[in-house]
Amino acid sequence: MEPCTSDDVVRLNRRAMLQRLGTTGVLVALWPARAWTMSEAVQQAMHQRIGTRTPQPHGMTLRLPPLAETGNSVPLTVAVDSAMTPDDHVLRIHVFVEGNPEPVAATYHLGRRAGKAVISTQMRLARSQTVLALAEMHDGSVRSVTADIVVTLGACVEES
Amino acid sequence: MRTDTPTINRRSFIIGTAAVSGGLALGLRIPLGGEVAHAQDSAPEVTAWVVIRPDDTVVVRIARSEMGQGTLTGLAQMVAEELECDWAKVTTEYPTPGESVKRKRVWGDFSTGGSRGIRTSHDYVRKGGATARTMLIQAAADAWGVPASECKAANSVITHQPSGRTVTYGKVASAAAKLTPPADVVLKDPQDWKLIGKPLKRLDTINKLTGAQVYGADLKLPGMLNATIKDCPVFGGKVKSFETTKVQGMPGVRHVLQVGDSAVAVVADTWWQAKTALDALPVVWDEGPNAMVSSATIAELLQTGLGADQAFVANQNGDVKTAMAGATKQVDAVYAYPFLNHAPMEPMNATARYTAERCEVWTPTQNGEAAFAATMEASGLPADKCEVYKIHIGGGFGRRGAAHDYVTQAVLIAKQIPGTPVKLLWSREEDMTHGRYHPVTQCRLVGAFDASNNLTGLHMRISGQSILSAVRPEALQQGRDPLVFQGLNPSGEFALGYSVPNLLIDHAMRNTHVPPGFWRGVNINQNAIYLECFIDELAHAAGQDALEFRRKLMSKHPKHLAVLNAVAERAGWGTPAPQGVYRGLAQMMSFNSYVAACAEISVIDGNKVKVHRIVGATDPGYAVNPAQIERQIAGSFVYGLSALFMQECTVKDGRIVQENFHTFDSMRIAQMPKVESIIMPSGGFWGGIGEPTICVAAPAVLNAFFNATGRRIRSFPLKHHGIQLV
């Protein structure tokens with residue numbers, strides 16, 4: 001598949017996007033061998049942002065506690081292994097949350113003065129899920145990392 | 001008088017209590033490659049669920065928490081059923097949440113609430129037992145060099161049927177543990193059950209009777225100090241200042257600490273020294289904006305919701321407005337239900353020890369994983385540096401499930417005195433005033449009749465507090481709290497048992513600063529009173545018998561109707577009651593079980609109520625331990641009737657007023673009615689036991705009270721109306 005710039009992404013509508021991708025199954029097959037299937041909502045949101053580029057699972061970490069007492073406010077840190085120089089830097093970090101009503105939690109744009117490619121925040125998570133982070137690099141490549149979190153059920157609340 | 005509390009060092013404590021059924025978790029080594037996982041006493045783990053000792057003792061791992069509801073025994077019964085072991089040799093232990101995280105939650109959910117313990121784990125715990133049995137048989141077969149299909153297991157003994165050779169589980173457990181677990185196992189047909197469905201004695205009763213049971217308050221660790229705490233009396237307020245110098249010289253006082261931004265604790269050699277010093281400590285609170293809130297201002301707030309235009313809808317069909325407009329007769333009533341405290345016999349407590357390398361907590365909790373998450377957050381340490389050890393609970397009822405404020409506090413205290421274990425135990429007053437309260441609501445119900453006295457419309461408007469808004473806002477559905485409508489939904493586990501041609505059930509959310517929580521039964525307590533008392537009002541207005549009136553609305557709800565008919569028949573509804581005895585009915589579906597009750601009461605001098613008998617029926621799909629179900633039914637009636645007659649938490653100057661049992665009483669044995677239980681599992685689904693029955697006693701008694709006196713009571717508790725339970 002030919003490389004896709006972010007300008008191209010903006011211009012393509014969803015139908016054209018899926019046509020360029022072929023079956024959605026292809027992207028999942030390229031995913032690292034772990035028992036996780038990306039939800040359709042996350043797939044779509046991901047394509048809208050990185051087009052047809054294939055993320056590679058390396059060079060970044062996602063720190064999330066394995067358990068949260070409630071999903072109300074969960075600390076999260078994404079760190080990308082990059083010197084943040086003109087020759088090697090991160091353009092954007094995306095965080096996807098498949099178990100939330102909205103699949104995209106945040107996109108961080110890192111400018112020239114961002115000395116480190118590290119973001120920390122607090123997120124609201126609706127339920128136990130796999131969180132996905134992507135890093136768009138200066139050379140058009142995309143890195144990825146995932147982490148699982150269990151949001152413990154308070155007594156008397158059913159799993160939604 | 002000095003009371004003797006067990007003094008044990010940490011290591012022997014952990015091993016010792018493992019021998020006491022349901023005691024603390026043992027450390028486990030994780031299996032790597034072919035290595036076998038062992039419990040701390042070296043007995044091999046056949047599967048994560050089952051450890052078998054050489055003497056054939058079976059240790060069943062239980063993730064859920066026992067709090068008197070019998071789930072520990074019920075789950076063990078289910079594992080043992082498939083395991084085909086000798087029940088007399090079964091004991092249990094709690095795996096720790098830390099091990100659960102390391103082993104990718106091999107024991108599933110730890111959360112114990114929502115009457116879910118049995119019904120959401122029965123499948124996988126039975127599979128855990130069946131898998132272990134299959135491996136044990138295979139190990140014996142391998143040792144004998146025979147096909148496993150020729151071997152059969154029963155009572156912890158494997159027999160090779162053609163030759164008659166036998167071997168006990170204890171002898172093959174190690175070999176079994178090395179085998180690869182089968183990918184799939186077939187579970188027994190319910191009609192072949194030998195343990196499930198039997199009224200077996202509980203595994204935890206003996207220790208509770210002899211005093212051997214260790215509770216949080218009994219815990220003693222080497223070098224441990226004792227702490228007690230005061231959080232700002234007004235919810236949402238903060239600590240401004242406190243004068244340590246005034247108490248630091250008092251006997252035994254070691255530390256006076258701020259905990260978070262809203263609490264102050266004293267740490268001393270003994271609990272009483274800590275409490276005495278804390279009571280003497282001058283504290284200035286910044287009470288915040290909620291200091292002006294009172295029960296009166298809350299009631300005004302709720303009233304605005306009764307007629308409000310905006311409300312969240314749960315259940316509607318037809319057109320209620322038109323039905324009301326065209327009604328020949330309308331019945332209109334407003335009910336109100338107060339805040340309640342769980343008031344467990346054991347106040348909130350947790351023991352914590354913190355260093356930069358490790359944070360450990362010992363606590364009674366309904367959810368070991370939530371306690372673990374709270375420990376990680378409060379300590380700031382990652383999962384592999386934290387651990388929580390579950391202790392048996394002295395009363396949960398929902399208080400110890402969703403909120404782990406006491407764990408957070410204990411860790412924050414321990415963090416300020418690294419290396420020293422500290423037991424934080426709340427006073428009764430702190431427990432009563434810093435609960436997670438049954439939410440406050442009012443309800444306006446309007447019923448419409450046509451000229452033939454048929455019910456044509458029903459509007460039920462609930463106005464009041466949402467639990468999820470405070471506890472789990474991410475679970476709201478576009479702002480709506482689905483839990484408000486328990487027992488009133490069109491379908492599902494909390495489905496309404498009536499069909500009305502024009503129906504509207506909605507909720508005007510009115511939240512208060514009083515922190516809400518899940519009180520046993522949650523919202524079915526008030527929903528059953530609102531609905532079942534109003535249905536009786538409608539029956540009365542139509543001049544119809546309360547049972548007949550209901551039956552007409554229940555033809556599409558056969559399971560709701562079945563339990564109602566069962567109690568009516570057993571109680572003799574429709575036949576004359578003894579002189580001075582009056583009956584009342586109620587039914588509701590919740591937590592996937594169908595329940596009903598018929599109460600028989602007498603009223604003396606118009607205001608002294610004697611409840612003679614309550615006939616209760618439940619259809620929970622399957623009944624794992626009928627003896628335990630009977631006790632849960634009776635126990636739930638104690639909780640529900642105590643609330644009805646005697647209990648409420650009121651608010652003055654932003655604070656909860658009721659501080660102890662003299663103003664928040666509960667019923668006594670002499671007041672307890674005879675309870676007859678009809679357990680009628682119809683099969684094909686799994687319903688809960690711990691909560692569903694709690695909601696039907698109160699409306700049944702209230703309906704009987706109307707039949708006895710002609711007085712309809714719509715606000716609670718009854719003591720405010722001069723009505724006593726005798």
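Chain identifiers are assigned alphabetically (A, B, ...) following the order of the sequence lines, protein sequences preceding nucleic acid strands; residue numbering begins at 1 within each chain. Quick caveat, the model's predicted, so the values are computed rather than measured.
A:Glu69 approaches B:Ala402 most closely through the heavy-atom pair OE2-O, 3.6 Å. Nearest heavy-atom pair, A:Leu67 versus B:Ala373, reported as atom, atom and distance to 0.1 Å: O-CB, 3.8 Å. Of all the heavy atoms in B:Arg472 and A:Thr152, the pair that sits closest is NH1-O, 3.2 Å.
Using a 4.5 Å cut-off between non-hydrogen atoms, the part of residues 101-125 of chain A that approaches chain B consists of A:Arg124, A:Leu125.
Of the atoms belonging to B:Arg105, it is side-chain heavy atoms, and not backbone ones, that fall under 4.5 Å from chain A. Residue B:Ala403 touches chain A through its backbone alone, counting heavy-atom pairs closer than 4.5 Å.
Considering CD of B:Glu474 and OG1 of A:Thr70, their distance stands at 5.0 Å, rounded to 0.5 Å.
B:Glu377 places none of its side-chain heavy atoms less than 4.5 Å from the side chain of A:Pro75.
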